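Please read the structure below before turning to the comments.
Note that this is a predicted model, so its numbers are computed, not measured. Numbering of residues begins at 1 and proceeds along the displayed sequence. Scope of the values below: all heavy atoms of this structure, side chains included, with no hydrogens, waters or symmetry mates. One-based numbering, in listed order, for ligands and for the atoms of each.
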Amino acid sequence: MENRKPVTTTKLKKMKQDGEAIAFLTAYDYPSAMLAEEAGVDGILVGDSLGNVVLGYDSTIPVTLEDMIHHTKAVTRGAKSAFVVTDLPFMTYHGSIDETLRNVGRVMREGLCKGIKLEGGAEIAHTVEACTQAGVPVMGHIGLTPQSVYQIGGYKVQGKDSKQMRKLLDDAKSLEEAGAFAVVLELVTEEVARMITSQLTIPTIGIGASVGCDGQILVYHDILQYGSGIRPKKFVKAYADIGSQIRSGIGQYVQEVKARKFPKEENVFKGDLEVMSYLYGGKE
Ligand code: KIV
């Protein structure tokens, strides 16, 4: 979006107050960030879902700080006004506060993102507080937290009984008190999403958490069907089928190469002055 004012945490909070829905999307590289930006997203998350959708792992656990920094650099080059947040990957914020702040510092300084996201509730509130006191905007993430998938026992909907509901609400409030500027609610029931959203002053951003949140986030590759064998998920809507288009485009290219139909006359250089000038800037 040309000439749009950069989105800030203040703007995101104001959007909640005004009842204006917030659109986040994940992105992992320069072209996807540029396209998301041009399409008008408010925020981009360089999610550690990078591990699943880009790096080919079957969870987010193997993703490293170096992976996140590398991809964040590309995204921030492409997204000039969207608010870019980067996930701190598995076990990079569970050691000492010093170590956590060093990792956060690297992501912010090298990746040039505007904020970070940490998974967890009350148990990481002290870490969130340390980061926010150091001037780093922190987005919380509760409900289904993929970095704890082996502890949770699978990708299951959270907040189904009153005990879980109570815990999720307490977690959300602890994150708000610790200074988080927003909280992602992943795979929680609509009742939980609405209850938390109504009780927080900071925005809730839902994924598989109903329209009762202040905003939504989905994974780039899921909404565009960008990949091979992407499984349909109940909480995802596919807005395009880029995977099929890419496969068919590459298939045509392969066929034409094999049939010697590509390159064609118009793709070929001839040995005349025009070529020399194209290749060597006029010097022969
Ligand atoms: O890593 C990610 O993409 C996320 C979103 C699903 C919220 O954490």
Suppose I only count heavy atoms of Asp87 and a 4.0 Å limit; which atoms of ligand 1 are within that range? 1 (O), 2 (C), 8 (O)
Is Thr26 close to ligand 1, meaning an N/O of one under 3.5 Å from an N/O of the other? no
Can a donor-acceptor pair be found between the side chains of Thr100 and Asn103 at a distance below 3.5 Å? no
Sidechain N-carboxylate O distance under 4.0 Å for Glu177, Lys173: no
Does a side-chain heavy-atom distance below 4.5 Å link His141 with Leu175? no
Could you tell me the residue and atom name of the protein heavy atom closest to atom 4 (C) of ligand 1, and the distance to it rounded to 0.1 Å? Leu45 CD2, 3.5 Å
Test your reading of the structure: does Ser49 have an N or O sitting under 3.5 Å from an N or O of ligand 1? yes
When distances are taken from atom 6 (C) of ligand 1, the protein heavy atom at minimum range is Ile207 CD1, 3.5 Å
Hey, which atoms in ligand 1 end up nearer than 4.0 Å to a heavy atom of Gly47? 1 (O), 2 (C), 3 (O)
With no hydrogens and no angle check, do the side chains of Asp29 and Ser32 hold a donor and an acceptor under 3.5 Å apart? yes
Here the gap from His71 atom NE2 to Asp67 atom CG, rounded to the nearest 0.5 Å, amounts to 6.0 Å
Do Tyr28 and ligand 1 have an N or O pair less than 3.5 Å apart? no
side-chain hydrogen bond (donor to acceptor under 3.5 Å, both in side chains) assessment of Glu119 paired with Ser148: CA-CA 9 Å; Glu119 292 186 7; Ser148 319; 4.8 Å; no
Determine, using heavy atoms of Lys117 and all atoms of ligand 1, whether some pair is separated by less than 4.0 Å. yes
Is it the side chain, the backbone, both or neither of His141 that has a heavy atom closer than 4.0 Å to ligand 1? side chain
Which ligand 1 atoms does Asp48 reach within 4.0 Å, using its non-hydrogen atoms? 1 (O)
Where's the contact between Leu50 and ligand 1, heavy-atom distance under 4.0 Å: side chain, backbone, both or neither? neither
Do Glu265 and Lys270 sit within salt-bridge range, that is, some charged N less than 4.0 Å from a carboxylate O? yes
Can you tell which of Thr8, Val85, Thr10 makes a side chain to side chain contact (heavy atoms under 4.5 Å, CB included) with Phe181? Val85
